[in-house]
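Each residue takes its place number in the sequence, starting with 1. Hydrogens, waters and symmetry mates play no part in the numbers below; they use all other heavy atoms, side chains included.
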Amino acid sequence: IVRAFRWQLLMQPFDNIPFNQVFGATMVGYFGNGVLAFRLGELLKAYSVTKNNKKVNLMQAFGTVIIERILDIIAVVAIFALLIPWFPFEDNYIKYGAFGFTGITVLIIFFLYLIIKYSWIHNIQEYKIFRSENGRKILSSINSLFEGLTILNRTNSSLLIICSSTVLWLIYFVETVVLINACGLKLGIVDAGIILFLGSIAIGIPALPGSAGTYDAGIKYSLIIVFNLASEMALNYAIVSHAVAYFPLLIIGFFYFLIGNVSLNEIKQIETAE
């Protein structure tokens, strides 16, 4: 609900889309991520909300989805910054992963800043490749995507967007604490923050549907190496936490997928386009 509300705020400069439509598309996106590889549910999410909307096209909506994910990445980096005094830098894999993730985030934000500041998108339209019919179509898609990426410059809801992002990640943190206690792990609040950070990196890797394998392996490895937990306890937490984050959203998303106007053939078309 919070994620859908934030996305609705990001979409407002294009159109005031009803919350129920935005929420439905959000859940369809979760369903897509659960059954499609490489997180193609994000594209399905954008497609779902724009299918019957004439004011917002697919690439504009997809641009706002990318901004959503960038906001999430910034939140994860903020969590890492808060946890640096307690972070387990003894393990090289975890250390390089944390700094690599942070470095890539900084580069992405800096690159987007350069695109916006120097209007690179407008400059490339002078190239010969974009003067043909197909080139103009590609350029039109790029421009639409760019409009979505720069939406934060045109919204009047920046404070609400920041607040909703904060609430969203507080919910994730509380969920992590509850799961730690439910699995009987003797870990503290700071430890929960470290697990949330490492789990966010693992689940964000665009691999198999539902981050199958990558999340479980990453969390199990982290719990064993960082917190010296027994292998079976680490695996138990990895499976339970993954199931909690996967099945409820998959089931609700499948429901919205059924009542929506998105077909399996359209999913295949989206995969082909990607």
Side chain to side chain, Leu185 and Met233, heavy atoms closer than 4.5 Å: yes
Residue pair Val49 / Val56, side-chain heavy-atom distance below 4.5 Å: no
Asn57 side chain vs Met59 backbone, donor-acceptor pair below 3.5 Å: yes
Verify same cluster id: Leu229, Trp86 (apolar side-chain graph, 4.5 Å): yes
Sidechain-backbone polar pair: Asn53 side chain, Thr50 backbone, donor-acceptor under 3.5 Å: no
Cluster overlap Phe99 with Ile109, hydrophobic side-chain contacts below 4.5 Å: yes
Ring geometry between Phe80 and Phe197 (parallel below 30°, tilted from 30 to 60°, perpendicular above 60°): parallel
Flag for Tyr215-Ser241: side-chain donor and acceptor within less than 3.5 Å: yes
Side-chain donor/acceptor of Gln8 to backbone N/O of Ile17, under 3.5 Å: yes
Atom of Pro209, atom of Ala37 and distance for their closest heavy-atom approach: CG-N, 3.8 Å
Heavy-atom donor-acceptor pair, Asn181 side chain to Val177 backbone, under 3.5 Å: yes
Atom CD1 of Ile1 with >12 non-hydrogen neighbours under 6.0 angstrom: no
Side-chain donor or acceptor of Tyr237 paired with backbone N/O of Leu179 under 3.5 Å: no
More than 12 heavy atoms of other groups within 6.0 Å of Phe254 CZ: no
Ser231 and Lys220, any side-chain heavy atoms less than 4.5 Å apart: yes
Flag if over 12 foreign heavy atoms under 6.0 Å of CG, Asn156: no
N/O donor-acceptor pair under 3.5 Å between Arg3 side chain and Glu68 backbone: no
Residue pair Leu250, Val35: steps toward the side-chain contact (heavy atoms from CB on, under 4.5 Å) verdict: CA-CA 8 Å; Leu250 182 73; Val35 298; 3.9 Å; yes
Nearest non-hydrogen partners of Leu44 and Gly32, listed with the distance: CD2-CA, 3.9 Å
Check: Ser48 side chain, Lys45 main-chain N or O, donor-acceptor pair, under 3.5 Å: no
4.5 Å side-chain heavy-atom contact, Tyr93 and Ile225: no
Exercise: do Asp72 and Trp169 side chains pair donor with acceptor under 3.5 Å: yes
Heavy atoms from other residues, nucleotides or ligands near CZ of Phe19 exceed 12 (cutoff 6.0 Å): yes
Aromatic ring pairing Phe89/Phe87, orientation class (parallel under 30°, perpendicular over 60°, tilted between): tilted
Cluster check Ile239, Tyr221: I/L/V/M/F/W/Y, side chain < 4.5 angstrom: no
Test item: Thr155 side-chain N/O and Leu152 main-chain N/O as donor-acceptor pair under 3.5 Å: no
Check against side-chain contact (heavy atoms from CB on, under 4.5 Å), Arg39 and Arg69: CA-CA 12 Å; Arg39 299 191 69 84; Arg69 292 308 172 190; 3.8 Å; yes
